[in-house]
Amino acid sequence: MTATVSSERISLSIERPALYVVATPIGNLADISYRAVTLMAQMDMLLVEDTRMTQRLLQHYSLTARLVALHEHNEADIVGGIISRVVSEGLAVALLSDAGTPLIADPGFRLVRAAREKEIPVFSVPGPCAAIAALSIAGLPSDRFAFEGFLPPRKTARVRRLRLLLAEQRTMIFYEAPHRVLATIDDMHAVYGSEREVVVARELTKLHETLYCGPLGTVSAAMRCDENAARGEIVIVLSGAKDEDLTATGDEHKARQMVDILSHQMPKADAIKLVAEWTGLKRNRVYRLAHGDQSEN
Ligand code: SAM
């Protein structure tokens, strides 16, 4: 079934039955669309992750609404009942996350899927998304990108996942918890080398918005010196592998990693000399690998 979308340039009309997927602010309460505010006031029900969080938003805009909790722990159980009511009572309901766009590292997939299966029209009311906000200011290639969401919390699984992404050439976007961000940046440093470019976006749209930008080695060191680096909400934007990275042999990858590791203990020039002797690679080749230039010779 194809949903009919209004061709008017500005449409604030509501369909019934329908499901509206509404993006909400990721920090700055002013970051919500006019359409989202207008629409929330007219909904029969708002399906929300945390009723207290949504109440705060509603109060800010002097709105009242019927709130029903839908979160990762109850979504599977309640979706069937909600969909039945939407159909039988002809309801217009909206799905909201605590922050940002529903379904993006947030609940809602089962609901949207179930609505589509019952041919209930599903409409997007677009707005903030931390991943897109970070990408849009990172200054890293944005023509193609991969959203990776949260990495595994345990180090072994996280490093395995990062290794699987070694050949990914698109810019990658990760969400990370503040208490893990330094460990994750260190793991990225170990896997991708010190020269791979990264942007760590902290507290976007909020009072303490901070960006750490540069090669992984520099960003890792800078974040370790900042006592606030591991606070607040964080998006990591990592540049993809370059063509040259993919043509480096396994030995060359290892040589680069060895230089990175040894450079923590000795001057980089000494590390390059040692690794060249150890691997039998030419010293200027190791130098180029260590500095991100992987061209032959
Ligand atoms: N659905 C949301 C979206 O559209 O961005 C994401 C929800 S996910 C559960 C929460 C994660 O998003 C946080 O742990 C953090 O990685 C990221 N995030 C949310 N708000 C942020 C902000 N203001 N600044 C930086 N990262 C943010």
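Just follow the structure's listing: the first ligand is 1, and inside any ligand the first atom is 1.
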**Prompt:** Are the side chain of Gln265 and the backbone of Ile261 linked by a donor-acceptor contact shorter than 3.5 Å?
**Reply:** no

**Request:** Just let me know how Asp106 lines up against ligand 1, side chain, backbone, both or neither, with a heavy-atom cut-off below 4.0 Å.
**Result:** side chain

**Message:** Out of the candidates Val21, Leu96, Val68, only one should pair with Leu47 under the side chain to side chain contact (heavy atoms under 4.5 Å, CB included) rule; please name it.
**Reply:** Val68

**Request:** May I ask you to list the atoms of ligand 1 that are less than 4.0 angstrom from any heavy atom of Thr101?
**Result:** 1 (N), 3 (C), 4 (O)

**Prompt:** Near Val235, which atoms of ligand 1 are under 4.0 Å from a heavy atom of that residue?
**Reply:** 25 (C), 26 (N)

**Message:** Can you tell whether the side chains of Arg161 and Glu148 come within less than 4.0 Å, N to carboxylate O?
**Reply:** yes

**Request:** Give me the one residue out of Arg154, Arg158, Arg180 that meets salt bridge (charged side-chain N to carboxylate O under 4.0 Å, His left out) with Asp187.
**Result:** Arg158

**Request:** With heavy atoms under 4.0 Å as the rule, classify the contact between Ala134 and ligand 1 as side chain, backbone, both or neither.
**Result:** neither

**Asked** Looking at ligand 1, does any of its N/O atoms fall within less than 3.5 Å of an N/O of Gly100?
**Response** no

**Request:** Would you check whether Arg202 has a nitrogen or oxygen atom less than 3.5 angstrom from a nitrogen or oxygen atom of ligand 1?
**Result:** no

**Prompt:** Who's the nearest protein heavy-atom neighbour of atom 8 (S) of ligand 1, and how far?
**Reply:** Ala105 O, 3.6 Å

**Asked** Any idea which part of Lys206 is under 4.0 Å from ligand 1, heavy-atom wise: side chain, backbone, both or neither?
**Response** side chain

**Request:** May I ask you to check if ligand 1 and Thr205 share an N or O to N or O distance below 3.5 Å?
**Result:** no

**Item:** Candidate list Asn284, Val286, Leu289, Leu262, test side chain to side chain contact (heavy atoms under 4.5 Å, CB included), partner Ile272, passing option
**Value:** Val286

**Item:** Which residue and heavy atom of the protein sit nearest atom 13 (C) of ligand 1, plus the separation
**Value:** Glu233 OE2, 3.6 Å

**Request:** Would you mind listing which atoms of ligand 1 come within a distance below 4.0 Å of any non-hydrogen atom of Glu176?
**Result:** 16 (O)

**Prompt:** Does Arg285 reach the side chain of Glu252, with side-chain heavy atoms less than 4.5 Å apart?
**Reply:** yes

**Request:** Report yes if some N/O of Leu204 lies less than 3.5 Å from some N/O of ligand 1; otherwise report no.
**Result:** yes

**Request:** Output yes when a side-chain donor or acceptor of Arg196 lies under 3.5 Å from a complementary backbone atom of Pro215, and no otherwise.
**Result:** no

**Item:** For atom 10 (C) of ligand 1, the protein heavy atom that lies nearest, with its residue and separation
**Value:** Phe150 CZ, 4.2 Å

**Message:** Within ligand 1, which atoms have a heavy atom of Ala99 less than 4.0 Å away?
**Reply:** 1 (N), 2 (C)

**Request:** Quick one: look at Ile234 and ligand 1, take heavy-atom pairs under 4.0 Å, and tell me if it's side chain, backbone, both or neither.
**Result:** backbone

**Asked** ligand 1 and Cys129, any nitrogen or oxygen pair closer than 3.5 angstrom?
**Response** no

**Item:** Protein heavy-atom partner closest to atom 3 (C) of ligand 1 - residue, atom, separation in Å
**Value:** Tyr175 OH, 3.4 Å

**Request:** Would you mind telling me if ligand 1 is within reach of the side chain of Ala130, the backbone, both or neither, using heavy atoms under 4.0 Å?
**Result:** both

**Prompt:** Would you call Arg16 and Asp44 a salt bridge, using N to O less than 4.0 angstrom?
**Reply:** yes

**Prompt:** Regarding Thr205 and Asn28, is there a side-chain donor-to-acceptor distance under 3.5 Å anywhere?
**Reply:** no

**Message:** Has Gln169 got a side-chain atom pairing as donor or acceptor with Ala241's backbone, closer than 3.5 angstrom?
**Reply:** yes

**Prompt:** Taking the six-membered ring where the residue is Trp, are the ring centres of Phe174 and Phe147 under 6.0 Å apart?
**Reply:** no

